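Working notes for the structure below.
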Amino acid sequence: MMVCEYKPGLEGIPAAESSISFVDGQKGILEYRGIRIEELASKSTFLETAYLLIWNELPTKEQIAEFEEEIRMHRRIKYRIRDMMKSFPESGHPMDALQASAAALGLFYSRRDLHNPIYIRDAVVRLLATIPTMVAAFQLMRKGNDPVRPHDELDYSGNFLYMLNEKMPDPLAARIFDVCLILHAEHTMNASTFSARVTASTLTDPYAVVASAVGTLGGPLHGGANEEVIQMLEEIGSVENVRPYIEDCIQRKAKIMGFGHRVYKVKDPRATILQDLAQQLFAKFGHDKYFDIAQEMERVVEEKLAHKGIYPNVDFYSGLVYRKMGIPTDLFTPIFAIARVAGWLAHWKEQLEENRIFRPTQVYNGRHAVSYTPIEQR
Ligand SMILES: CC(C)(COP(=O)(O)OP(=O)(O)OC[C@H]1O[C@@H](n2cnc3c(N)ncnc32)[C@H](O)[C@@H]1OP(=O)(O)O)[C@@H](O)C(=O)NCCC(=O)NCCS
């Protein structure tokens, strides 16, 4: 057997062959199934993009109409799930609530006919349809309110904002939110996607696959950076404080949140799209100082750190957009999960097509031939 060098975090080691998405970090290119992210953000919808990711082709008019209708029909959550969520502590993190609820879905739909395309479609529809409802339901219930029933006249993103805010969404805000979901739907072999594929490889059910990926996304090194961007902008507090703040970070070798990326060495194409969306949102609903602080940060960081390939990443502007929509900061990562479930499901399906259970090896660095010490001698 070939012996490979151990790489912490498996950095640079391919974990799968995949045709779902592609990143060129030097040129700032992101493609889903070969289509550039800019094109999808300007022309597609989240559900159409999810369909493309999962079934590897853009749907026809009839196919997307049928898919949207199926999703619409399955948006409600079972009263047992709702009652289970009611018993969660209000102080619990919404990501933990989401992970538990996604796993609980498996109790209701546990049939594992993984080679049957009808089962696959059914699971895709149920997960895409109910995850936003679960996120919104937990948000309302932790405030002591009853969850709002999904609105049949509203599309995917409009309905989520309606269930969250208990009022009809502004159309521009709903479209911008939908584009945010497109931008977060998939991003090659990241930690949560890897987790989804490992879980999928055991041939467990797709609810367990998504629950495992949600658990992985919840960590601050993965999904949580946009929350930290907001805390940082609040801490900076004014445009005048930007330059001294950045100079201090550089001097202390501290990371500036929302900047830099392991793969992109130019500006993350999703950040460029989000910046434009943020501009539209702030133009309609009023400028606030945080947007001005963010713009100034981008200017100063570019001036000081562009030579190291440090530019804004997707998290820099997404937090600002969600904040402007009135979304609480601890829902940013659950919203990331709403989007990324499309990518996870695409990887689940792809993993099943050529499945081999993940069973890597390890480099043992422990002791050998140690004798057992009786407890009274320890
Ligand atoms: C995302 C991230 C982990 C990528 O890190 P990486 O690829 O391992 O890059 P490195 O940590 O090796 O950094 C390379 C150089 O750029 C600097 N750098 C990287 N990100 C930086 C940032 N956000 N602010 C300031 N300097 C940064 C490093 O200090 C290092 O400088 P050096 O060569 O003088 O030591 C890192 O950029 C980061 O922590 N960013 C902030 C958190 C964030 O926004 N995360 C969301 C990512 S989508």
Side-chain angles (χ1 to χ4, degrees), residues 7-13 21-30 32 37 41 95 180-195 213 216-236 241-275 277-278 290 293-323 329-330 332-337 339-340 343-344:
K7 290 276 180 91
L10 301 186
E11 189 177 344
I13 296 176
S21 63
F22 168 80
V23 170
D24 182 330
Q26 300 300 329
K27 296 195 183 128
I29 292 173
L30 169 60
Y32 294 169
I37 193 67
M95 275 304 267
C180 289
L181 295 185
I182 294 174
L183 299 180
H184 287 87
E186 160 67 8
H187 207 241
T188 71
M189 194 55 68
N190 51 82
S192 59
T193 300
F194 182 48
S195 173
T216 310
L217 182 68
L221 293 187
H222 191 357
N226 53 10
E227 291 188 33
E228 294 189 43
V229 169
I230 295 299
Q231 282 160 16
M232 176 186 68
L233 293 175
E234 287 173 350
E235 193 189 321
I236 294 175
N241 290 343
V242 166
R243 188 170 286 272
Y245 178 91
I246 289 170
E247 284 169 353
D248 179 58
C249 286
I250 293 172
Q251 206 219 335
R252 288 187 294 112
K253 289 193 168 294
K255 295 274 164 66
I256 303 157
M257 286 298 124
F259 287 86
H261 198 278
R262 178 62 53 83
V263 183
Y264 294 111
K265 295 303 162 204
V266 293
K267 188 166 173 181
D268 182 333
R270 300 167 300 170
T272 308
I273 298 167
L274 273 164
Q275 184 177 14
L277 296 179
Y290 294 106
I293 295 173
Q295 298 277 76
E296 177 67 2
M297 282 195 79
E298 182 169 352
R299 267 191 297 276
V300 180
V301 172
E302 191 168 340
E303 178 195 311
K304 306 251 173 211
L305 293 172
H307 67 281
K308 286 191 187 174
I310 309 297
Y311 291 92
N313 58 46
V314 67
D315 292 310
F316 188 59
Y317 285 102
S318 64
L320 270 178
V321 166
Y322 298 149
R323 188 179 184 282
T329 313
D330 64 358
F332 293 178
T333 316
I335 289 170
F336 190 161
R340 190 52 65 86
W344 294 331

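Read the numbers this way: they start at 1 and go in the same order the structure lists the ligands and their atoms. This one's a predicted model, so the numbers in the text were calculated from it and none came from an experiment.
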Distance flag for atom 12 (O) of ligand 1, protein heavy atom under 4.0 Å: no
Location of contacts on Val314 toward ligand 1, heavy atoms closer than 4.0 Å: neither
Steps toward salt bridge (charged side-chain N to carboxylate O under 4.0 Å, His left out) verdict (Lys267, Glu298): CA-CA 10 Å; Lys267 188 166 173 181; Glu298 182 169 352; 2.7 Å; yes
Exam field: side chain Arg243 to backbone Val300, donor-acceptor pair closer than 3.5 Å: no
Atoms of ligand 1, numbered as shown, that sit under 4.0 Å from any heavy atom of Lys308: 16 (O), 31 (O), 32 (P), 34 (O)
Heavy-atom nearest neighbour in the protein, as seen from atom 17 (C) of ligand 1, with distance rounded to 0.1 Å: Ile310 CD1, 3.9 Å
Closest protein heavy atom (residue, atom, distance) for atom 41 (C) of ligand 1: Phe259 O, 3.4 Å
Protein heavy-atom partner closest to atom 48 (S) of ligand 1 - residue, atom, separation in Å: Asp315 OD2, 3.4 Å
Residue and atom name of the nearest protein heavy atom (relative to atom 1 (C) of ligand 1), distance in Å to one decimal: Gly260 O, 3.7 Å
Flag for Tyr290-Gln295: side-chain donor and acceptor within less than 3.5 Å: no
Plane angle bin for Tyr322 and Phe332 - parallel if under 30°, tilted between 30 and 60°, otherwise perpendicular: tilted
Atom indices of ligand 1 within 4.0 angstrom of Lys265 heavy atoms, with elements: 7 (O)
N or O contact, Gly258 vs ligand 1, cut-off under 3.5 Å: yes
Residue among Pro312, Pro269, Cys180 satisfying side-chain contact (heavy atoms from CB on, under 4.5 Å) with Leu274: Cys180
Protein heavy-atom partner closest to atom 26 (N) of ligand 1 - residue, atom, separation in Å: Leu305 CD1, 4.0 Å
Close side-chain approach of Tyr311 and Lys265, heavy atoms under 4.5 Å: no
Glu186 versus Tyr32, side-chain donor and acceptor atoms under 3.5 Å: no
Pairs meeting criterion salt bridge (charged side-chain N to carboxylate O under 4.0 Å, His left out) with involvement of residues 249-260, two or more places apart: Asp248-Arg252
Asn313, portion touching ligand 1 at heavy-atom distance under 4.0 Å: side chain
Option nearest atom 27 (C) of ligand 1 (shortest heavy-atom distance, choices Lys253, Lys255, His261): Lys255
The single option from Arg323, Met257, Glu234 passing side-chain contact (heavy atoms from CB on, under 4.5 Å) against Val229: Met257
Sub-4.0 Å protein heavy atom near atom 21 (C) of ligand 1: yes
Side chain, backbone, both or neither: Arg262 near ligand 1, heavy atoms under 4.0 Å: both
Under-4.0 Å protein heavy-atom contact, atom 9 (O) of ligand 1: no
Part of Glu228 with heavy atoms under 4.0 Å of ligand 1, whether side chain, backbone, both or neither: neither
Ring-ring centroid check Tyr264 His187, cutoff 6.0 Å: yes
Interfacing atoms of ligand 1 (cut-off 4.0 Å, heavy-atom, Ala225): 43 (C), 45 (N), 46 (C)
Ligand 1 to Ile256 polar contact by distance, N or O atoms, under 3.5 Å: yes
Heavy atom of protein inside 4.0 Å of atom 43 (C) of ligand 1, strictly below: yes
Between His222 and Ser192: side-chain donor-acceptor atoms closer than 3.5 Å: yes
Within-cutoff protein neighbour (heavy atom, under 4.0 Å) for atom 35 (O) of ligand 1: no
Polar side-chain atom of Asp268 near backbone of Val314 as donor-acceptor pair, under 3.5 Å: yes
